[in-house]
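Below is one structure; the comments refer to it alone.
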Amino acid sequence: MKLPPPLSFLPPLPSPPRLPRLPGPRLSSALVGATALELAVLAGHLITYPLGLTPERPESRAGSAGSARPESPARTDRPENAPARPLALPVTGGPTAPAAAPPVVLLHGFIDNRSVFLVLRRALTRHGHRRTASLNYSPLTGDIRAAAALLGRQVEAVRARTGHDRVDIVGHSLGGLIARYYVQRLGGDRRVRTLVTLGTPHGGTAVAPGAGLHPIVRQMRGGSPVIEELRLPAPGCRTRFVSFWAELDQVMVPVETACVDHPDLDAVNVRVTGIGHLALPVHPAVAAAVREVLETPETGEADVPVTGATSAA
């Protein structure tokens, strides 16, 4: 007699339900493009870095560096005070003539030097800003307060050399934070007409590589004593602040930390699309926007279009 197959009387087991496929991480084309640009900028900067190791000689303050490459057509969003509320750049009937404008002081970021401003300085010189000074501070500097005091002495030297009462400052990353401390906490508003910051952690950033090794990096973190000092009241501050912040800046976390948000400060925040942290001081369109800011008078208010970085989104 033929036996039935074992367990043939049991009903078939139901197949397990199919789990939905979880979406994997997707990189936007804008982020991919910005990252590629950051790597290209970094590679180029490593080549030019030795050019900025030595301090600038005073007689080279005109900063002639040849003609700049033509600026590519591009855009940024309109300036806005904090990301949610649009503001306008101040204007009174037209740009200031570069010959009558204050000298421009350029201040680099952490572990960098004045070579980072080669493109920006060339753009300013090409459009008539002959009085520019690129300053270096030591990478061993361990305190933003001390660096700000040194900046104050350098500003006095620029004033004496040029005969101007006030200067404009452009600072990238940490350089912008040093300049803001000088203006806001050391009385530098008497000497600085306009402070332009590029990717500066005004509110502190959560991304601070080597924070346990370098004290000045710890001061850039949110909640540090220096950041808290900058939150203190600053009534009567006479300096105009213009902060450029990049939506794809991976060093500023959150990205809005690069905005100036203080009730006592005359501040305009400009959102830049399509680029990251390293590209801010070298992108030709950002250089054009910075030049426009520096040629804008202080008083009055109207809508002024500002050219920024090309959006890759």
Does [X] have any side chain to side chain contact (heavy atoms under 4.5 Å, CB included) partners at least two apart in sequence or in another chain, and if so, which?
| X | value |
| --- | --- |
| R190 | R238 |
| A149 | R153, L186 |
| I111 | none |
| A147 | T141, I178 |

Sub-4.5 Å side-chain heavy-atom contact between [X] and [Y]:
| X | Y | answer |
| --- | --- | --- |
| Q154 | L150 | yes |
| C237 | L265 | yes |
| D261 | E256 | no |

Minimum heavy-atom distance [X]-[Y], with the two atoms named:
| X | Y | answer |
| --- | --- | --- |
| V253 | T257 | N-CG2, 4.2 Å |
| A179 | L107 | N-CD2, 4.4 Å |
| A258 | W245 | CB-CB, 3.5 Å |
| V260 | N269 | N-OD1, 2.8 Å |
| P235 | P233 | CD-C, 3.4 Å |
| A287 | A123 | CB-CB, 4.0 Å |

Path from L42 to V286 over hydrophobic side-chain contacts below 4.5 Å: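 As far as the 4.5 Å side-chain criterion goes, V286 and L42 are connected within one cluster.
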Before giving the answer on side chain to side chain contact (heavy atoms under 4.5 Å, CB included), spell out for R145 and V226 the whole-Å C-alpha distance, their side-chain angles and the decisive distance to 0.1 Å. CA-CA 8 Å; R145 303 174 186 90; V226 167; 3.7 Å; yes
[X] side-chain N/O to [Y] backbone N/O, donor-acceptor pair under 3.5 Å:
| X | Y | answer |
| --- | --- | --- |
| Q219 | I227 | no |
| D168 | T194 | yes |
| T132 | T125 | no |
| D264 | A234 | yes |
| N136 | R114 | yes |
| E247 | T273 | no |
| R166 | D189 | yes |
| H108 | L174 | no |

Of all pairs that satisfy ring pair (Phe, Tyr, Trp, His ring centres under 6.0 Å), the ones with a partner from residues 248-269, not counting sequence neighbours: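 Qualifying pairs: none.
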Qualifying residue for side-chain contact (heavy atoms from CB on, under 4.5 Å) with F244, from V170, V293, D249: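 So the option named by the test is V293.
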Residue from R193, R191, R159 passing side-chain contact (heavy atoms from CB on, under 4.5 Å) with D165: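 Output: one option passes, namely R159.
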Between M220 and L177, does a side chain to side chain contact (heavy atoms under 4.5 Å, CB included) hold up when you go through it step by step? CA-CA 8 Å; M220 288 191 285; L177 202 61; 4.0 Å; yes
R121-S134 side chain donor-acceptor pair, cut-off 3.5 Å: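 Per modelled atom types, R121 and S134 side chains form a pair under 3.5 Å.
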Drop me the distance from [X]'s [atom1] to [Y]'s [atom2], to the nearest 0.5 angstrom.
| X | Y | atom1 | atom2 | value |
| --- | --- | --- | --- | --- |
| I216 | S224 | CD1 | OG | 10.5 Å |
| L195 | Y182 | CG | OH | 11.0 Å |
| T296 | R240 | OG1 | CZ | 5.5 Å |
| S173 | M252 | OG | CE | 4.5 Å |

ring-ring contact (aromatic ring centres under 6.0 Å, His included) partners of H172, counting only residues at least two apart: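 For H172, the residues satisfying ring-ring contact (aromatic ring centres under 6.0 Å, His included) (neighbours in sequence not counted) are H277.
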Compute the centroid of each ring, for F241 and then for H202, and state whether the two points are separated by less than 6.0 Å.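 Ring-ring flag for F241/H202: false, centres at least 6.0 Å apart.
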R180 and L230: CA distance, side-chain angles, deciding distance, side chain to side chain contact (heavy atoms under 4.5 Å, CB included) verdict: CA-CA 8 Å; R180 179 177 172 185; L230 294 177; 4.0 Å; yes
As a quick check of understanding, evaluate side chain to side chain contact (heavy atoms under 4.5 Å, CB included) for H129 and E295, giving each step before the final call. CA-CA 10 Å; H129 292 268; E295 294 176 4; 3.1 Å; yes
